[in-house]
Amino acid sequence: MKFLWIALLVSVTSVCSAQHFTVKEISFEGLKRVDESLLRHLIKVHVARPYDSLQVVTDLERLNRLPAIAKASVVKIINEDSTYTLRYKIIENFAIIPGLRIGQANDDSFAFRASVFDFNFLGQSQIIGGFFQKDVFSSFGAYWEAPFLFSNKWGLGLNYIDNITFEPVYFQDEPFNYKKEDRGLEMYILYEIDFHNKAELGVRFFDESYVYNETPAAENLPNDLNANKTFYRAQYETNFLDIDYQYVVGFRNIFDVSYQTGGDGLLGDTFIATNSFEYFKKLGERGNWANRLQLGYSSFTKTEFAPFTIDNQFNLRGSGNDSNRGTSFVFVNTEYRYTLLEKDWFVMQGNTFVDAGILQEPKGSLSTITPKSSFEIYSGIGIRFLHKRIFNAVIRLDYGVGIGSRDSRGFVFGIGQYF
């Protein structure tokens, strides 16, 4: 009988405790373009279920990662019946973003890339948009991605790119300019494994060609190369970033592998693997230390038409556009960002950076990657202008200078943080 009373007491206590922690109502305030059904679909805390404070914190991180949300917070209200009402307060981003990148083409003409993307298409955090590029030749691309199309875990993406560029290919350290054409359609599936891990799997069908763009043709150079290829790609991302407007804390790792088949000769089948690791740390009230390590490997090393390049916009600021090509690489970027001015929606940041890297020369082996033969390092300063209510609205200007034997230097302009 004694045990029966103990069991009854435990049961009553459990029921009262469960009632005390039950979520009675969930509401959202401040929504304009974001569809409320999407947010209810994404959060893991639900009505009539036990309240979990850790899950609420995770839900806030999930909402803050959405491009259309600048800041999400929650107010917890205790009701008279010992239940909770959760009121999520949402400050939205303006998510229709134009982009502009300007520079100098490899023939010294003016080059630019203009784009516009809606990162909250239909209020469902879908991405739709495209770009137009003038880099000696005209190029364009169109994109659509719906990460939550089928469920809160499964999504779909499509893109078509018609990219024509004027690129140097190096034969015995001498650059020869080729017209490179890359046209193709890609489809990929997105899957969220859990809050911190997600994966992509895609296939792309494209035509690739290199045409020597100067006359008369140089002796012993390939003049016209063509291949119809199929590109299989898989990506795995681990994300432990905590974003609070211009400040980022934590780390993220993106591992990408692909296999291109359908080519031969100098455009043969290729296996490519890249990995990007980013680490961010808050320093004091206004400082942010940002770091990135990039690794790349290509299996097809018997050609000068290597897949990786050194470029201002992607790895080494101040190096120039497509200043070298290679089949494997190691790049390191580190910068200190400091908030110089912050007024309501506006932020001005200053930054100082060091970019360094080693590139495996075309037709070389991994043993040729040595600091003595191919190490490059650049350092410089920059400035950022940020709008806190527009997604990724960062206007950046950096000036990088080569250190040591590298005499290259120059400005790098773009929209969005460098990484």
Side-chain angles (χ1 to χ4, degrees), residues 38 41-42 62 65-68 95 97 99 113 115-133 139-165 180-208 227-241 252-263 267 269-278 294-300 307-308 313-314 391-392 416 419:
L38 171 68
H41 192 54
L42 293 179
R62 186 186 304 273
R65 288 184 187 177
L66 294 178
I97 310 302
R113 177 187 174 105
S115 64
V116 61
F117 282 85
D118 184 353
F119 290 87
N120 188 36
F121 182 58
L122 302 178
Q124 291 289 319
S125 199
Q126 296 183 16
I127 303 171
I128 190 169
F131 75 87
F132 176 81
Q133 177 175 288
S139 305
F140 69 91
Y143 300 81
W144 173 72
E145 182 178 293
F148 312 111
L149 181 64
F150 304 116
S151 70
N152 60 0
K153 286 184 173 293
W154 290 94
L156 178 69
L158 294 170
N159 66 66
Y160 177 81
I161 298 176
D162 188 335
N163 200 39
I164 307 175
T165 54
K180 180 186 177 183
E181 299 188 37
D182 182 350
R183 296 186 176 95
L185 175 69
E186 180 183 17
M187 180 179 70
Y188 53 97
I189 298 293
L190 303 97
Y191 176 65
E192 182 181 290
I193 300 168
D194 56 38
F195 175 61
H196 295 294
N197 298 275
K198 63 181 182 180
E200 294 182 15
L201 187 63
V203 60
R204 181 171 184 250
F205 305 96
F206 70 105
D207 299 327
E208 181 182 22
N228 297 319
K229 290 188 174 184
T230 303
F231 178 92
Y232 303 97
R233 179 178 65 88
Q235 184 181 100
Y236 190 94
E237 177 180 346
T238 299
N239 190 330
F240 281 84
L241 296 181
R252 174 173 61 181
N253 193 82
I254 301 176
F255 177 63
D256 192 286
V257 294
S258 61
Y259 182 69
Q260 299 180 20
T261 184
L267 300 182
D269 295 351
T270 310
F271 170 80
I272 297 175
T274 62
N275 193 86
S276 177
F277 176 78
E278 301 172 351
Q294 297 183 91
L295 306 173
Y297 169 77
S298 172
S299 66
F300 196 64
F308 305 124
Q313 291 288 344
F314 306 112
F391 172 66
N392 204 32
F419 62 94

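- Judged purely by atom type and a 3.5 angstrom limit, Ser139 uses its side chain to pair as donor or acceptor with the backbone of Ile164.
- Here salt bridge (Lys or Arg N to Asp or Glu O under 4.0 Å) pairs that include residues 117-129, with residues two or more places apart or in two chains, are Arg33-Asp118.
- In this structure the side chain of Leu295 never reaches within 4.5 angstrom of the side chain of Phe277, judged on heavy atoms.
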(Q) Run Leu267 and Gln260 through side chain to side chain contact (heavy atoms under 4.5 Å, CB included) and show every step you take. (A) CA-CA 10 Å; Leu267 300 182; Gln260 299 180 20; over 6 Å; no
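- Scanning all heavy atoms of the two residues, the minimum distance from Asn392 to Gly416 falls at OD1-CA, 3.7 Å.
- A cation-pi contact links Arg65 to Phe195, judged by a cut-off of 6.0 Å to the six-membered ring centre and 45° from its axis.
- Here CG of Leu190 is found 10.0 Å from CH2 of Trp154. Values are rounded to the nearest 0.5 Å.
- Here the CD-CZ distance, from Gln133 to Phe140, works out to 12.5 Å after rounding to the nearest 0.5 Å.
- Using a 4.5 Å heavy-atom cutoff, the side chains of Leu156 and Trp144 are in contact.
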Q: Verify side chain to side chain contact (heavy atoms under 4.5 Å, CB included) between Tyr160 and Leu185, making sure each step is shown before the conclusion.
A: CA-CA 4 Å; Tyr160 177 81; Leu185 175 69; 4.2 Å; yes
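- The structure places CG of Asn228 at 9.5 Å from CZ of Phe206, a figure rounded to the nearest 0.5 Å.
- For the atom pair CG of Leu149 and CD1 of Ile189, the computed distance is 9.0 Å after rounding to the nearest 0.5 Å.
- Residues Pro67 and Phe119 share a closest heavy-atom pair of CB-CB, 3.6 Å.
- Between Asp182 and Arg204 a salt bridge is recorded (basic side-chain N to carboxylate O distance below 4.0 Å).
- In terms of heavy atoms, Gln294 sits closest to Ser276 at CG-OG, 4.2 Å.
- No side-chain heavy atom of Phe391 sits under 4.5 Å from any side-chain heavy atom of Asn120.
- Between Leu201 and Tyr191 there is no side-chain heavy-atom pair separated by less than 4.5 Å.
- Between the side chain of Asp269 and the main chain of Gly262, a donor-acceptor pair closer than 3.5 Å is present.
- The distance from the CG atom of Asn239 to the CZ atom of Arg252 is 5.5 Å, given to the nearest 0.5 Å.
- Pairs of residues two or more places apart, or lying in two chains, that qualify as salt bridge (Lys or Arg N to Asp or Glu O under 4.0 Å) and include a residue from residues 142-162 are Asp162-Arg183.
- Distance check, rounded to the nearest 0.5 Å: CG of Leu42 to CZ of Phe148 gives 4.5 Å.
- Within 6.0 Å of NZ on Lys198 lie no more than 12 heavy atoms contributed by other residues, nucleotides or ligands.
- Judged by distance alone, with hydrogens and angles left aside, the side-chain atoms of His196 form no donor-acceptor pair with the main-chain N or O of Phe240 at under 3.5 Å.
- Considering every non-hydrogen atom in both Ser125 and Leu66, the closest pair reads OG-CD2, 3.7 Å.
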Q | CA sep, side-chain torsions, deciding dist, call: Phe271, Val257, side chain to side chain contact (heavy atoms under 4.5 Å, CB included) | A | CA-CA 8 Å; Phe271 170 80; Val257 294; 4.3 Å; yes
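- Between Asp207 and Glu181 the shortest side-chain heavy-atom distance does not fall below 4.5 Å.
- The two residues His41 and Asn152 come nearest to each other via the heavy atoms NE2-N, 3.1 Å.
- Looking only at side-chain heavy atoms (C-beta outward), Ile161 and Tyr143 come within less than 4.5 Å of each other.
- A 4.5 Å side-chain heavy-atom check between Arg62 and Glu192 finds at least one atom pair inside the cut-off.
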Q) Does the pair Asn159 and Tyr188 meet the rule for a side chain to side chain contact (heavy atoms under 4.5 Å, CB included), with working shown? A) CA-CA 9 Å; Asn159 66 66; Tyr188 53 97; 3.8 Å; yes
